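Everything numeric in this text was worked out from a predicted model, so none of it was measured.
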Amino acid sequence: MDFQLDEDILLLKENVRDFIQKEVEAVAEQIEADDKIPQHIIEMSKELGLFGLSIPEKYGGLGIGMVGKCAIYEEIGQTHNGYTTLIGAHTGIGTVGLVEFGNEQQKEKYLPSMASGEKIGAFALTEPEAGSNAANLQTTQ
């Protein structure tokens, strides 16, 4: 496995580091107090392409592999956990299942709006009858 980061990933990593330090950290206390990510931070995250880290370019994402994604997560992980969780849940369990196991129709329907951040993926884990057993969840679309 090649752990070398190409120039595009290194540049994105630097841009994300600057964004985290200058923008997200500036509102970390507000995130904590309001229990909400300010909309301007979400918009800036969209502009950086952070919602499309795991999504192939074909569907509007950045198509970054796992090593590159880990490098970006290293920078994102330097700030408030609420923000880290927003990006991590979306680009992890929120999108990877569709990317890996979705059929073409599902990918075309959902991934472009998820890559742009228009729709944000999540994972519901706990229900009254299932507890935290994902195999027993009853909620359906």
Side-chain angles (χ1 to χ4, degrees), residues 1-128 130-141:
M1 176 176 254
D2 183 11
F3 291 101
Q4 296 297 315
L5 301 175
D6 64 33
E7 290 298 318
D8 290 340
I9 298 296
L10 290 172
L11 180 59
L12 179 59
K13 183 176 167 65
E14 183 179 323
N15 288 337
V16 170
R17 180 184 309 120
D18 289 345
F19 168 65
I20 294 297
Q21 290 173 352
K22 293 176 183 167
E23 303 295 338
V24 182
E25 277 300 296
V27 296
E29 288 184 24
Q30 178 186 348
I31 293 170
E32 187 67 24
D34 297 346
D35 196 26
K36 180 179 177 180
I37 310 298
Q39 190 61 38
H40 78 278
I41 295 296
I42 293 172
E43 295 304 319
M44 294 173 90
S45 301
K46 291 176 184 181
E47 290 173 20
L48 280 169
L50 296 180
F51 290 100
L53 292 176
S54 303
I55 298 173
E57 291 180 56
K58 174 181 178 180
Y59 305 105
L62 298 180
I64 292 175
M66 186 55 73
V67 173
K69 198 165 118 176
C70 287
I72 303 307
Y73 281 171
E74 181 178 34
E75 301 303 333
I76 293 171
Q78 300 297 314
T79 194
H80 190 278
N81 190 50
Y83 179 77
T84 301
T85 301
L86 169 72
I87 300 300
H90 173 80
T91 61
I93 202 161
T95 59
V96 171
L98 275 170
V99 170
E100 296 295 325
F101 304 111
N103 62 42
E104 192 58 32
Q105 182 181 9
Q106 292 167 325
K107 291 177 182 182
E108 289 174 2
K109 180 177 180 178
Y110 295 109
L111 292 179
S113 58
M114 294 177 84
S116 71
E118 176 188 342
K119 292 184 180 172
I120 298 176
F123 178 65
L125 179 60
T126 302
E127 291 182 343
S132 295
N133 181 350
N136 284 335
L137 295 178
Q138 302 298 310
T139 300
T140 61
Q141 181 179 7

From Ile20 atom CD1 to His80 atom NE2, the distance as rounded to the nearest 0.5 Å: 12.0 Å

Please check if atom NZ in Lys107 has more than 12 non-hydrogen atoms from other residues, nucleotides or ligands closer than 6.0 Å. yes

Between Glu74 and Lys13, the two heavy atoms sitting closest are OE1-NZ, 2.6 Å

Surrounding CD of Glu29 (heavy atoms of other residues, nucleotides or ligands, distance under 6.0 Å), is the total greater than 12? no

How far apart are the C-alpha atoms of Leu50 and Thr91, what are their side-chain angles, what is the distance that settles it, and do they pass the side-chain contact (heavy atoms from CB on, under 4.5 Å) test? CA-CA 8 Å; Leu50 296 180; Thr91 61; over 6 Å; no

Is the closest side-chain heavy-atom distance between Tyr83 and Val27 below 4.5 Å? no

Quick one, Val99 with Tyr59, criterion side-chain contact (heavy atoms from CB on, under 4.5 Å). Give me CA distance, side-chain angles, the key distance, then yes/no. CA-CA 10 Å; Val99 170; Tyr59 305 105; over 6 Å; no

Could you report the tightest heavy-atom contact between Ile76 and Thr84, atom names first, then the distance? O-OG1, 3.1 Å

Take a 6.0 Å sphere around CD of Glu104 and say whether it holds more than 12 heavy atoms from other residues, nucleotides or ligands. yes

What residue among Gln78, Gln21, Glu75 forms side-chain contact (heavy atoms from CB on, under 4.5 Å) with Val16? Glu75

For the side chain of Asp34 and the backbone of Lys36, is there at least one donor-acceptor N/O pair under 3.5 Å apart? no

If you look at every heavy atom in Ile37 and Gly82, which pair is closest and at what distance? CD1-C, 3.8 Å

Verdict with supporting geometry, Ile42 and Phe51, side-chain contact (heavy atoms from CB on, under 4.5 Å): CA-CA 9 Å; Ile42 293 172; Phe51 290 100; 4.2 Å; yes

Step by step, work out the side-chain contact (heavy atoms from CB on, under 4.5 Å) result for Leu12 and Ile64. CA-CA 11 Å; Leu12 179 59; Ile64 292 175; 3.6 Å; yes

Hey, what do you get for CG (Leu48) to CE (Met44), rounding to the nearest 0.5 Å? 7.5 Å

Any donor-acceptor pair under 3.5 Å from Ser116 side chain to Ser113 backbone: yes

Which residues satisfy the side-chain hydrogen bond (donor to acceptor under 3.5 Å, both in side chains) test with Lys69, sequence neighbours excluded? Ser54

For residues Thr79 and Glu25, report the shortest heavy-atom separation together with the two atoms involved. OG1-OE2, 2.5 Å

Distance col, row Tyr73:OH vs Ile87:CD1, nearest 0.5 angstrom, shows 8.5 Å

Output for pair (Glu57 CD, Leu62 CG), nearest 0.5 Å, gives 7.5 Å

Non-hydrogen atoms of Gln30 and Pro38 that approach each other most closely: NE2-CG, 3.8 Å

Residues at least two apart in sequence or cross-chain that pass side-chain hydrogen bond (donor to acceptor under 3.5 Å, both in side chains) with Glu23, listed by chain then number, are none

Is a salt bridge present between Lys46 and Glu43, judged by a nitrogen-to-oxygen distance below 4.0 Å? yes

Using modelled atom types and a 3.5 Å cut-off, is there a donor and acceptor pairing between side-chain atoms of Gln106 and backbone atoms of Asn103? yes

When rounded to the nearest 0.5 angstrom, what distance separates NZ in Lys119 from NE2 in His90? 11.5 Å

